[in-house]
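One structure is given below, encoded as structure tokens.
Hydrogens, waters and symmetry mates play no part in the numbers below; they use all other heavy atoms, side chains included.
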Amino acid sequence: MGATQQVEEREMERRTEEEREENWRKLPEEKRMEDLEKGEKVGVLPEQVMERDIKTTNNEGDLHVSMLHRLNPTNPLRIILNGGARVATPSPQPSSGGPSGHHHHQHRQPPAPLSVSTPQQPAVINLNSKAYTDKVSLFLFVLHLVLAVGLVCFLVFKGIQGLLYASDSIKRKEKRLLQYFLPQVEVASLLSISLAFAWQKAVRLWPKFMVHFILWCSFAMSLSAGILLVCFQMPATEGVGVCFLVFAIGNGLYACWVSQRIGFCSKVFIKSLEPVCKIRDLNQPTYWMLGAGFLWMSFWILSVIGALNFYFPPLTIIVLVLSLLWTAEVMRNVANITVSRAITLYYLRGMESNTRYCLQRALTRNLGSASLGSLFVPTIEALRILARGLNLLEGEDEFMFSCAHCCLHVMNSIFRRGNSWAFVQIGSYGKDFVRASQDTWKLFEMTDMVQIVDSDITSSICFLTGVCSGCICVIVIASWTFTVHRGFTATISLLSFIVGYLMTRIAMALPHACVSCYYVCYAENPSNRLFDDTIKDRQALLKSNRDVVMTPRMPRRSRT
């Protein structure tokens with residue numbers, strides 16, 4: 001009786017399965033693709049989505065396993081069960097023979113299903129998570145945005161009021177600002193957005209050449225801007241010019257130091273940018289962010305003019321600049337998260353996603369994580385670079401360098417809980433910022449990629465691209481301002497640099513996100529056919545000590 005009942009149950013399950021598959025095939029193609037894209041059919045590298053219910057009876061009871069995916073030829077068929085992965089195998093057919101020659105009736109028990117263990121996989125994660133991430137930071141950013149818009153509008157109103165109804169001295173000051181201050185900064189905005197489009201297009205077309213070019217062009221531009229400002233022979237411009245000269249020296253030393261990493265960085269750029277031409281409208285979210293950033297900066301510049309006639313102008317302008325920096329950084333990371341989701345779905349699903357839907361998620365459900373990451377990642381990375389620099393020095397003061405080692409250890413611990421690699425899993429899985437940072441770093445540790453990603457210079461290339469645009473804006477705008485109104489030269493130079501830097505950083509979110517997705521998706525599934533042997537060859541090279549990466553990651557032991 002037991003064997004007959006099992007046969008009937010399996011026959012009913014087979015019919016139910018066929019009906020479900022037939023109903024799903026009858027859905028329109030657009031509906032099926034929409035379900036796949038929004039993550040309602042969860043799987044890894046799917047070509048099609050299948051739903052099965054496998055029920056096996058044994059001595060301990062019924063085991064119910066639900067499988068919602070079928071892998072493509074790059075991976076075997078796996079069922080996620082209690083955090084692990086097993087290969088599904090059909091249950092053995094019951095014997096049709098009669099009972100054996102015993103005096104009492106025996107129930108034959110079917111053997112337990114065979115299973116082949118595979119590396120542990122995380123539990124099924126919904127790629128269409130509807131939860132809002134980092135709600136506290138989301139609330140703080142929205143509150144800041146409301147206050148910033150209110151302050152900017154109020155300062156613009158004060159500027160117009162002073163121009164129309166103030167005393168003659170204030171009116172003359174307002175007219176002088178409009179004549180000799182506003183045109184230069186607005187031109188800097190136009191120049192910066194033009195440079196932003198040009199840099200991104202050039203990196204996409206000639207990635208190998210642009211890595212070398214950006215390293216040395218930023219050095220030349222910052223050196224030229226510094227020399228120009230010093231030659232103006234005014235205290236304010238000389239101070240700003242010295243800062244540019246110091247940065248140029250550091251930039252040149254860095255370009256020489258990372259010369260051995262340029263070849264691998266170029267290969268990763270070339271390989272990671274391949275999905276850009278295969279996903280339609282992938283650039284569209286970045287263009288939207290650039291447009292929004294340009295409009296906001298243009299309006300923001302008017303508020304700076306109003307702040308010059310308000311109480312405590314220096315403090316007011318500092319507050320406006322800090323607000324602009326956070327807002328522009330959030331715009332950049334929104335574009336980063338949007339592109340990361342689209343590229344991740346391409347690598348892990350082999351499908352083209354809807355970039356508008358990805359942008360909608362980034363602006364709503366993932367905005368809190370983008371705000372939190374924008375606030376802390378630049379600070380964490382800057383302090384970590386400083387700690388690394390101190391550990392590269394040698395000296396006789398053991399106490400000083402033991403403190404430097406301790407600081408590096410602390411910054412490495414903080415970096416594991418807050419890094420720019422987190423934006424990939426924020427966009428794809430909807431995780432909180434800290435959890436995404438920790439999970440991503442664990443993936444790198446499990447796949448022995450820490451040394452590779454820790455020495456990656458992609459973020460430095462994107463940063464230096466923004467510096468290069470800012471310096472070009474300084475050279476053009478400072479020269480113009482010095483000929484018409486020397487007193488505004490230093491102030492306008494700083495504003496034009498900030499505007500040029502921020503606009504280019506937003507545009508470079510696309511290549512930065514592509515490289516980040518390449519590393520993170522490889523760590524999730526190294527056997528994916530979309531990846532070549534670039535990372536494997538690099539790992540073998542580092543293990544054989546044929547290539548040494550001179551980047552301190554952990555404190556060294558003190559000398560005795």
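Between F197 and Y287, the gap from one ring centroid to the other is short of 6.0 Å.
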**OP:** Begin with the C-alpha distance, continue with both residues' side-chain angles, and end with the deciding distance and a verdict on side-chain contact (heavy atoms from CB on, under 4.5 Å) for S353 and C358.
**Re:** CA-CA 8 Å; S353 62; C358 297; 4.0 Å; yes
**OP:** Run the numbers on D448 and K543 for side-chain contact (heavy atoms from CB on, under 4.5 Å), then give the verdict.
**Re:** CA-CA 10 Å; D448 196 20; K543 289 180 179 179; 2.8 Å; yes
**OP:** Apply side-chain contact (heavy atoms from CB on, under 4.5 Å) to Y522 and K536, showing your working.
**Re:** CA-CA 10 Å; Y522 178 87; K536 292 181 181 179; 3.0 Å; yes
Original post:
Going through the checks in order, is the side-chain contact (heavy atoms from CB on, under 4.5 Å) test met by F269 and K208?
Top reply: CA-CA 7 Å; F269 255 120; K208 185 176 182 179; over 6 Å; no
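When atom types are taken as modelled, the side chain of T316 and the backbone of Y311 share a donor-acceptor pair closer than 3.5 angstrom. The backbone N or O of V450 sits nowhere less than 3.5 Å from a side-chain atom of D454 that would complete a donor-acceptor pair. A donor-acceptor distance shorter than 3.5 angstrom exists from the side chain of D134 to the backbone of F433, with no hydrogens or angles considered. Judged purely by atom type and a 3.5 angstrom limit, T481 has no side-chain atom pairing as donor or acceptor with the backbone of A478. Remark: side-chain polar atoms of S189 are paired, donor with acceptor, to backbone N or O of V185 under 3.5 angstrom.
Atom NE2 in H409 sits 6.0 Å away from atom OG in S413 (nearest 0.5 Å). In this structure, CD in E381 is found 8.5 Å from OG in S460, a value given to the nearest 0.5 Å. To the nearest 0.5 Å, atom CG of residue L502 and atom CH2 of residue W296 are 13.5 Å apart. Considering CG of L510 and CG of L273, their distance stands at 7.0 Å, rounded to 0.5 Å. For the atom pair CD1 of I279 and OG1 of T355, the computed distance is 9.0 Å after rounding to the nearest 0.5 Å. Taking OG1 of T338 as the start and CG of L282 as the end, the distance is 9.5 Å to the nearest 0.5 Å.
Partners of S496 by side chain to side chain donor-acceptor pair (under 3.5 Å), not counting sequence neighbours: none found. Shown here are the side chain to side chain donor-acceptor pair (under 3.5 Å) partners of T327, two or more places apart in sequence or in another chain: there are none. With sequence neighbours excluded, the residues satisfying side chain to side chain donor-acceptor pair (under 3.5 Å) with D532 are Y518, T534.
Contact detail for A507 and Q200: the closest heavy-atom pair is O-NE2, 2.9 Å. In terms of heavy atoms, T447 sits closest to P526 at CG2-CG, 4.4 Å. Considering every non-hydrogen atom in both V330 and A370, the closest pair reads CG2-O, 4.3 Å. Taking every heavy atom of both residues into account, T465 and I461 meet most closely at OG1-O, 2.7 Å. Of all heavy-atom pairs spanning K130 and R365, the tightest one is O-NH1, 2.7 Å. Nearest heavy atom pair, residue A307 against residue L320, reads CB-CD1, 4.2 Å.
Within the 4.5 Å cutoff, the side chain of V321 has heavy atoms near those of the W300 side chain. For the pair L541/F264, no side-chain contact is recorded, criterion being any heavy-atom separation below 4.5 Å from C-beta on. You'll find the side chain of F497 reaches within 4.5 Å of the side chain of C471, heavy atoms only. Using a 4.5 Å heavy-atom threshold, the side chains of F141 and L375 count as separate. Here the side chains of M210 and L205 are not in contact, with every heavy-atom distance at 4.5 Å or above. Put simply, the side chain of L215 reaches to within 4.5 Å of the side chain of Y254, judged on heavy atoms. Residues S459 and S420 have side chains not in contact (no heavy-atom distance under 4.5 Å, counting atoms from C-beta outward). Side-chain atoms of C473 and Y501, non-hydrogen and from C-beta on, never get closer than 4.5 Å to each other.
Checking N525 against S527 by side-chain atom types alone, a donor-acceptor pair falls below 3.5 Å. Residues S469 and T504 bring a donor and an acceptor atom of their side chains to less than 3.5 Å of each other. With hydrogens and angles left out, the side-chain atoms of S374 and N333 include a donor and acceptor closer than 3.5 Å. For the 3.5 Å distance criterion, the side chains of D456 and Y519 qualify, holding a donor opposite an acceptor.
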Taking only distance into account, with no hydrogens and no angle test, what donor-acceptor pairs under 3.5 Å do side-chain atoms of residues 487-495 form with protein atoms, sequence neighbours excluded?
{"from": "T489", "atom 1": "OG1", "to": "R486", "atom 2": "O", "distance (Å)": "2.9"}
{"from": "S493", "atom 1": "OG", "to": "T489", "atom 2": "O", "distance (Å)": "2.6"}

Could you give the side-chain donor-acceptor pairs of residues 223-249 under 3.5 Å, partners two or more places apart or in another chain?
{"from": "S224", "atom 1": "OG", "to": "A220", "atom 2": "O", "distance (Å)": "2.8"}
{"from": "T237", "atom 1": "OG1", "to": "L229", "atom 2": "O", "distance (Å)": "3.3"}
{"from": "T237", "atom 1": "OG1", "to": "M234", "atom 2": "N", "distance (Å)": "3.4"}
{"from": "T237", "atom 1": "OG1", "to": "M234", "atom 2": "O", "distance (Å)": "2.9"}

Indicate every side-chain donor-acceptor pair of residues 439-446 with a distance under 3.5 Å to a residue at least two apart or in another chain.
{"from": "D439", "atom 1": "OD2", "to": "K431", "atom 2": "NZ", "distance (Å)": "2.8"}
{"from": "T440", "atom 1": "OG1", "to": "A436", "atom 2": "O", "distance (Å)": "2.7"}

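The aromatic rings of F213 and F209 lie parallel to each other, with less than 30° between the two planes, well short of the 60° mark. H144 and W326 have tilted rings, their planes meeting at an angle from 30° to 60° on a 0 to 90° scale.
Ion pairing between E329 and R332 holds under the 4.0 Å rule for side-chain N and carboxylate O. With respect to D533 and K271, no salt bridge is recorded, no charged nitrogen being found less than 4.0 Å from a carboxylate O.
R261 forms a cation-pi arrangement with W257, by the criterion of a distance under 6.0 Å to the ring centre and an angle within 45° of the ring axis.
Residue Y132 is tested with L367, D432, L138 for a side-chain contact (heavy atoms from CB on, under 4.5 Å); the sole match is L138.
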